[in-house]
2 protein chains.
Amino acid sequence: MADESYRVQSLGRALDIVELIAVAGRDGARLTDLAQSVGISKAAAYAIIQTLMARGVLSATGEGMTKRYRLGLSLVRLGDMAVSSTGIADIAMPILRDLTQAIGLTSRIAVWDEEAAVVVARADAPDNVRFDAALGRRERPHCSAVGKVFLAAMPRADAVSILERTGYPTRTPRTLDTLAALEADLDATRQRHYGIDDEEDHEGIACVAAGVFGYDGSAVAAISVTTLKQLLPDDAVPALAKSIIAHADRLSLAMGGMSAAQAWHKRIHLIAE
Amino acid sequence: MADESYRVQSLGRALDIVELIAVAGRDGARLTDLAQSVGISKAAAYAIIQTLMARGVLSATGEGMTKRYRLGLSLVRLGDMAVSSTGIADIAMPILRDLTQAIGLTSRIAVWDEEAAVVVARADAPDNVRFDAALGRRERPHCSAVGKVFLAAMPRADAVSILERTGYPTRTPRTLDTLAALEADLDATRQRHYGIDDEEDHEGIACVAAGVFGYDGSAVAAISVTTLKQLLPDDAVPALAKSIIAHADRLSLAMGGMSAAQAWHKRIHLIAE
DNA sequence: GCTATTGTTTGTTATTGCCAAACAGCGTTT
DNA sequence: AAACGCTGTTTGGCAATAACAAACAATAGC
C-alpha cells in the first residue's frame with residue numbers, strides 16, 4: 001500500500017478541482033460549488049483556480065454571478081502528447097483507419113495502464129452509431145474485449161491478482177461474475193486468439209478485440225471493434241476477428257513484435273510453469 | 001496585468017514539471033534533472049511527482065537509476081474532455097472528414113484562445129505528408145491561415161492590440177512583418193472570405209482557412225487545410241477555398257450561426273464605426 | 001572492487017497555503 | 001425602490017505544510 005506521506009496537499013486538491021470541472025463538461029462549474037465539493041474554503045479554491053487559469057489548464061467564461069470555469073485548451077496538447085509518449089498511436093492511426101474502412105465500423109486501440117485498458121486512439125466510421133467512444137476511457141478488465149485480451153496475455157497469477165483487486169462487478173445479466181467463468185473465458189481467448197465482450201458491459205453492445213504484441217510476446221496494446229449485438233450475428237464474429245487480427249498483426253510487425261499466432265502459442269505453452 | 005499573488009506556489013511548480021516531462025516525450029525525464037530545471041530541491045520535486053503519479057497524471061518506468069517519468073494516461077481523458085467542452089469538435093468531426101475526403105488533404109479545426117488559435121481536432125488524409133499536425137498546437141496569429149481568419153473577424157482595435165502584444169516575428173522570408181502589411185492582408189481576408197498562409201510560417205508549406213461563425217457573426221472556430229506549396233498552384237487556391245468555405249458553412253449552420261458570406265458582410269460594414 | 005550516479009528518506013525551519021470573515025457587484029425579491 | 005441573497009474577490013493572521021539540506025540505499029559503469 002502506498003504511503004500517504006510524501007504527497008503535496010494543495011496539488012491533490014487542485015487535481016480534485018480539475019476532475020470536478022471535467023465532469024461538469026460544457027456547463028462549467030462554479031467556484032462556490034467546487035470549494036464545497038473538495039471541502040476547502042473559497043479562498044483556497046480561488047487561489048488554486050487562478051494558478052490553473054494562468055497556465056491554461058482552466059478557462060473561465062462569464063462575469064460576476066454567471067462566471068463558469070471549464071477545462072482549458074492546454075490540456076489538449078498534454079493529452080495528445082500523453083498519447084504520443086505511449087509510442088504506439090502514431091504508427092497505429094493509419095492501420096486503424098484501414099481497419100475501419102475495411103469493415104465499416106469504428107475501431108479503437110487501447111493500452112494497459114495499471115489495472116485497466118485505456119483507449120488512446122480511435123478511427124470513426126462515417127455512419128456509425130457513436131457509443132461512448134471517448135478517448136481516455138478506462139475499460140474494465142473483466143467485461144471488455146480489450147481488457148480480457150490483456151488479462152489472457154499476462155501470467156495467470158497476475159491476471160487473478162488484478163481481478164481480485166478490482167473485483168468483477170455485474171454490469172449486465174451476461175457479465176461473467178465468477179472467477180471460474182472468467183478464467184475459462186481467458187482460456188478460450190488464448191485458444192481463439194481474440195477476445196469477446198458479448199453484452200457483458202452494456203446491453204446490446206458487443207466487442208471483438210485482438211492483441212498487439214511486443215518482441216517478447218507481451219501485449220503492448222489491443223485493437224477493438226464495437227458494434228450493436230443485433231448487427232453482429234454469432235457466425236459473423238470469426239470473419240470480423242480475422243480482419244482485426246490481420247490489422248493488429250501489421251501493427252505488431254511494424255513495431256518489431258510477434259504476430260498474434262506466435263504470441264498466443266508462446267503464451268499457452270508458458271502456462272505450464 | 002494579472003496579479004502575481006493569489007497563486008499557489010507548489011501547484012505552479014507541479015505544472016512546470018508536467019510541462020518539462022511533456023517536452024521530454026518518449027524518452028521520459030529524470031527526477032534530478034526536473035528538480036534542477038524547475039529550481040527546487042529533489043525532495044520537493046519527489047513529493048510533487050508522487051502526487052501526480054497517484055492521480056495518473058504521470059507514469060514511471062524503470063527502477064533505480066534507470067527510472068524515467070512520462071505523461072500519464074489520465075491526461076488523455078482530460079484532453080478529450082477539454083475538446084468536448086468547446087462544444088464544437090463533436091459536431092465538427094464528421095464535417096471535417098467529409099472535407100478531407102472531398103479534397104484529399106488533411107483538414108483541421110481550431111478555436112481561439114486568448115491570443116492564439118488552438119487546433120482541437122483533425123481529420124487525416126490517408127496518404128498525406130504528416131506535418132506538425134499535433135493536437136493542441138497553438139498557431140501564431142500573424143503567420144497562420146486560421147490565425148488571420150480570427151484576427152480579420154474581430155474588431156480592428158482588438159486585432160491590432162493582439163498583434164502588438166504578441167509581436168509578429170519573422171518566421172520565413174515571406175512572413176508579413178509590418179503592421180501595415182498585416183492589416184492589408186486582413187482586409188484582403190475579409191474581401192475574399194478566406195485566410196491564406198503562403199509560406200509565411202514554414203518554408204514550402206501553404207495553408208487555406210475559412211471561418212466558422214456564431215449567431216452574432218463572431219468567429220467561433222476556423223477550418224484549415226495544410227499542404228505543400230508546390231502541390232498548390234496559386235490558381236488552384238480559390239477552388240480549394242470554396243470547398244473549405246462550403247464545409248465551414250455547414251458547420252456554422254449546424255450550430256445556428258451565420259454563413260461566411262453573411263458574417264464577412266456584416267464585419268466589413270461594421271468597420272465604419 | 002570502487003566511484004559516481006540515481007531515487008528515496010529524514011528532520012527542521014519558516015515559508016506558504018489555508019481559513020474565517022469582510023468586501024463589492026449583480027440579480028432577484030420584497 | 002430598497003432590502004435581500006447570491007456571486008467572485010480581497011484581506012489579515014495562524015499554523016499546517018511544503019520547502020530545504022543532508023544523510024541513505026541501491027544501482028550502473030568503470
Side-chain angles (χ1 to χ4, degrees), chain A residues 1-21 24 26-72 114, chain B residues 1-21 24 26-72 114:
Chain A
M1 181 61 66
D3 198 341
E4 283 289 323
S5 19
Y6 308 117
R7 297 268 177 87
V8 181
Q9 184 187 60
S10 60
L11 178 52
R13 291 171 168 176
L15 294 172
D16 286 340
I17 288 177
V18 171
E19 191 61 34
L20 284 169
I21 291 177
R26 223 154 309 189
D27 303 331
R30 298 184 309 182
L31 172 62
T32 308
D33 296 337
L34 291 169
Q36 200 198 348
S37 298
V38 178
I40 59 178
S41 70
K42 278 198 298 181
Y46 182 74
I48 288 171
I49 287 173
Q50 288 301 315
T51 311
L52 291 171
M53 283 213 305
R55 305 294 287 262
V57 177
L58 298 181
S59 72
T61 56
E63 209 63 36
M65 284 189 52
T66 66
K67 195 161 199 173
R68 291 293 139 81
Y69 298 100
R70 267 174 271 271
L71 294 183
E114 301 292 337
Chain B
M1 181 59 68
D3 197 341
E4 283 289 324
S5 18
Y6 309 118
R7 297 266 177 88
V8 181
Q9 185 186 59
S10 59
L11 177 52
R13 290 170 168 176
L15 294 172
D16 287 340
I17 287 178
V18 171
E19 192 61 35
L20 284 169
I21 290 177
R26 222 154 309 188
D27 303 331
R30 299 183 311 182
L31 172 63
T32 308
D33 296 337
L34 290 171
Q36 199 197 350
S37 298
V38 178
I40 59 178
S41 69
K42 278 199 298 181
Y46 182 74
I48 289 171
I49 288 173
Q50 288 301 316
T51 311
L52 291 170
M53 284 211 306
R55 305 295 287 263
V57 178
L58 298 181
S59 72
T61 56
E63 210 62 36
M65 284 190 54
T66 66
K67 194 162 201 173
R68 292 292 138 81
Y69 297 101
R70 266 173 273 269
L71 294 183
E114 301 291 338

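Each chain gets a letter, A, B and so on, in the order its sequence line appears, and its residues count up from 1.
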Once base and sugar-phosphate atoms are separated, protein heavy atoms under 4.0 Å mark nucleotides 12-30 of chain C, 5' to 3', with B, S and - as ----SSSBB----BB----
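C:dG7 atom P lies 12 Å from atom CD of B:Gln50, rounded to whole Å. Regarding A:Glu63, its CD atom lies at a distance of 9 Å from the C1' atom of D:dG8, rounded to whole Å. Counting to the nearest Å, the C1' atom of C:dT9 and the CD1 atom of B:Ile49 are 15 Å from each other. Residue A:Leu58 contributes atom CG, which lies 15 Å from atom C1' of D:dG8 at whole-angstrom precision. Per the geometry, CE belonging to B:Met53 stands 12 Å off C1' belonging to C:dT8, to the nearest Å.
For B:Tyr46, no side-chain nitrogen or oxygen approaches OP1 or OP2 of C:dG7 to under 4.0 Å. The phosphate of D:dT9 (OP1 or OP2) has a side-chain N or O of A:Lys67 nearer than 4.0 angstrom. For the OP1/OP2 pair of C:dG7 and a distance below 4.0 Å, the side-chain nitrogens and oxygens of B:Arg30 include no atom meeting the criterion.
Scored by the side chain to side chain contact (heavy atoms under 4.5 Å, CB included) test, B:Ala47 finds A:Val8 as partners (sequence neighbours excluded). Residues passing the side chain to side chain contact (heavy atoms under 4.5 Å, CB included) test with B:Arg55 are A:Leu15, A:Asp16, B:Val57, sequence neighbours excluded. The side chain to side chain contact (heavy atoms under 4.5 Å, CB included) check on B:Ala60 picks up B:Met53, B:Lys67, B:Tyr69, with sequence neighbours excluded. In this structure, B:Arg68 has no side-chain hydrogen bond (donor to acceptor under 3.5 Å, both in side chains) partners at least two apart in sequence or on a different chain.
When side chains are defined from C-beta on, A:Ile48 does not count as touching A:Leu34, because their heavy atoms never get closer than 4.5 Å.
Identified under the side-chain hydrogen bond (donor to acceptor under 3.5 Å, both in side chains) test for residues 28-46 of chain A, with sequence neighbours left out: A:Arg30-A:Asp33.
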